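Comments concern the structure below.
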There are 2 protein chains.
Amino acid sequence: MVRVFKKQINREKLLDQGVSMLMAQGYHGTGLKEILDAVQIPKGSFYNYFGSKEVFCAEVVQHYIDPFIVQLQRHLQTPNVDGLSALKNYFNELIFELEANEFKGGCLLGNLMGELGDNSDICRAALQSAVNQYQDLIKEGLLKGQQEGLVRTDLSAGSMADLLVNTWQGVLLRMKIEKSVAPLQSCCDSLLDGYFKS
Amino acid sequence: MVRVFKKQINREKLLDQGVSMLMAQGYHGTGLKEILDAVQIPKGSFYNYFGSKEVFCAEVVQHYIDPFIVQLQRHLQTPNVDGLSALKNYFNELIFELEANEFKGGCLLGNLMGELGDNSDICRAALQSAVNQYQDLIKEGLLKGQQEGLVRTDLSAGSMADLLVNTWQGVLLRMKIEKSVAPLQSCCDSLLDGYFKS
DNA sequence: TTATAAAAAATGACCAGTCGTATTAAAAAA
DNA sequence: TTTTTTAATACGACTGGTCATTTTTTATAA
């Protein structure tokens, strides 16, 4: 009984550490030993928790996106805040956090799409799933904004969510090399405060 | 005298091979030996041509973007084609090529931004330079489109070029995991055929 | 001969993954 | 309830192989 709890705790530890190290150094740039040492779990134990580095990475992807989904849901469910403002508040919160983090990391999903998208079907599926969950939520926000008359209705909420998610991925890359949140802000300005407005 | 020519040829070979392998497998996913074997240059010779893997990668970045710049310039200088159509033609050509390539690779710049943006200042500088050269050219096309009355003038050509380049990076990532050119097409539709039109 | 570049060989660090064993818990038998 | 058996998990040393880079040797050119 105690055993199964410890197992869950160790899995969680590894996933947490995996998120932060894969963000900072990428998949091929991060050794398992590095992760294991950081959480003080011996090498041999890793394969009791995960089948391989690749499937570990796929789990890390979902573990990464979960908190973002919670955070976005929180904004969308805040009373007396319209859908468009909720999205703007959410992205502003992200920008604040990224700035506090000195523009490091960006988005694990985007980074891994670039690094592994072509070569790991397992990770590709995880990335696809994660990004779809995320995009659906943004679409909901835009849909709400449309019903409230704040977001244009001549474009579908789906295609706007698509554009927003893709552009956001792009500006996060840009942020990394410019070491500035300016690209993030101009993304929000162009789309949420520009193109999408009714 | 003959030697210095051979040196240039070998450098070129390595850069060409570097572009294709770094595209396919990323920086940490590609070993120098792999590149050297492919062009039949002995391992010990590499450091006669490049100071390190890192500076090699930085040179690969510029080597990668050069042909894109030539291609885009060609479209922009085609007689009797307006700026906006030139951009559309250029991106359609890219889409065609990416589809023929089975959506593999995407953009080396974007991939390396994600993988190395945080950790290699040398590559970061090369990426920044390359993307700026590219974006300036797109800005020129939009500027021409504005002068021709086809592109809206209430937004600056610079900020539109910014948005287009960033979104394009994002959709290339998306293409990789969706294995489809649909994201690319909807990017062009949304921006060049939508938001940017006057 | 001297200088320079190319290439081979060697370096130590690190890689993901495996193996046998030790430890523990749960299940079965007494 | 107590003892024995069986199974699951934990663990560190080890595997073959690859990594980027350096050192040493060989070949070429001036």
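Letters A, B, ... are given to chains in the order of the sequence lines, protein chains preceding strands, and every chain is numbered from 1. Below, all heavy atoms of this structure are taken into account, side chains as well, without hydrogens, waters or symmetry copies. Fair warning: this is a prediction, and the values are worked out from it, not measured in the lab.
In this structure, B:L116 places its CG atom 13 Å from P of D:dA20, rounding to the nearest Å. Spacing between atom CZ of A:F50 and atom P of C:dG17 amounts to 13 Å, rounded to whole angstrom units. Taking atom OH of residue A:Y49 and atom C1' of nucleotide D:dC11, one finds them 10 Å apart after rounding to whole Å. Summarising the geometry, the separation between CZ on B:R11 and C1' on C:dA5 is reported as 15 Å, rounded to the nearest angstrom. Between the P atom of C:dC14 and the NE2 atom of B:H28 lies a distance of 13 Å, rounded to the nearest Å.
Linking ILVMFWY side-chain heavy atoms closer than 4.5 Å, directly or via other members, places B:L192 and B:F96 in two distinct hydrophobic clusters.
Using Watson-Crick or G-U wobble geometry with both donor-acceptor distances under 3.5 Å, C:dA30 finds its partner in D:dT1.
For the OP1/OP2 pair of D:dT23 and a distance below 4.0 Å, the side-chain nitrogens and oxygens of B:Y47 include no atom meeting the criterion.
Listed for the B:Y64 side chain is no donor-acceptor partner under 3.5 Å among the backbone atoms of B:A130.
B:D118 is linked by a salt bridge (Lys or Arg N to Asp or Glu O under 4.0 Å) to A:K176, counting only residues two or more places apart in sequence or in another chain.
Remark: nothing in residues 17-24 of chain A comes within less than 4.0 Å of DNA chain C through any heavy atom. Within residues 30-45 of chain B, the residues approached by DNA chain C to less than 4.0 Å at the level of any non-hydrogen atom are B:P42, B:G44, B:S45, in residue-number order.
For the residue pair A:D66 / A:Q62, a side-chain donor-acceptor distance below 3.5 Å is found, with atom types taken as modelled. A:Q169 and B:Q169 share no side-chain donor-acceptor pair at under 3.5 Å.
At a threshold of 4.0 angstrom between heavy atoms, the contacts of B:F46 with the nucleic acid are absent.
Screening A:Y27, A:F50, A:Y47 against A:F56 for a ring pair (Phe, Tyr, Trp, His ring centres under 6.0 Å) leaves a single residue, A:F50.
One finds a salt bridge joining B:R124 and B:D121 here, because a Lys/Arg side-chain nitrogen approaches an Asp/Glu carboxylate oxygen to under 4.0 Å. A salt bridge does not link A:K13 with A:D16: every distance from a Lys NZ or Arg NE/NH1/NH2 to an Asp or Glu carboxylate oxygen is 4.0 Å or more.
Residues B:F196 and B:L142 approach most closely at CD1-CD2, 4.0 Å, considering heavy atoms.
Side-chain N/O atoms of A:N48 and base N/O atoms of D:dA10 include a donor-acceptor pair closer than 3.5 Å.
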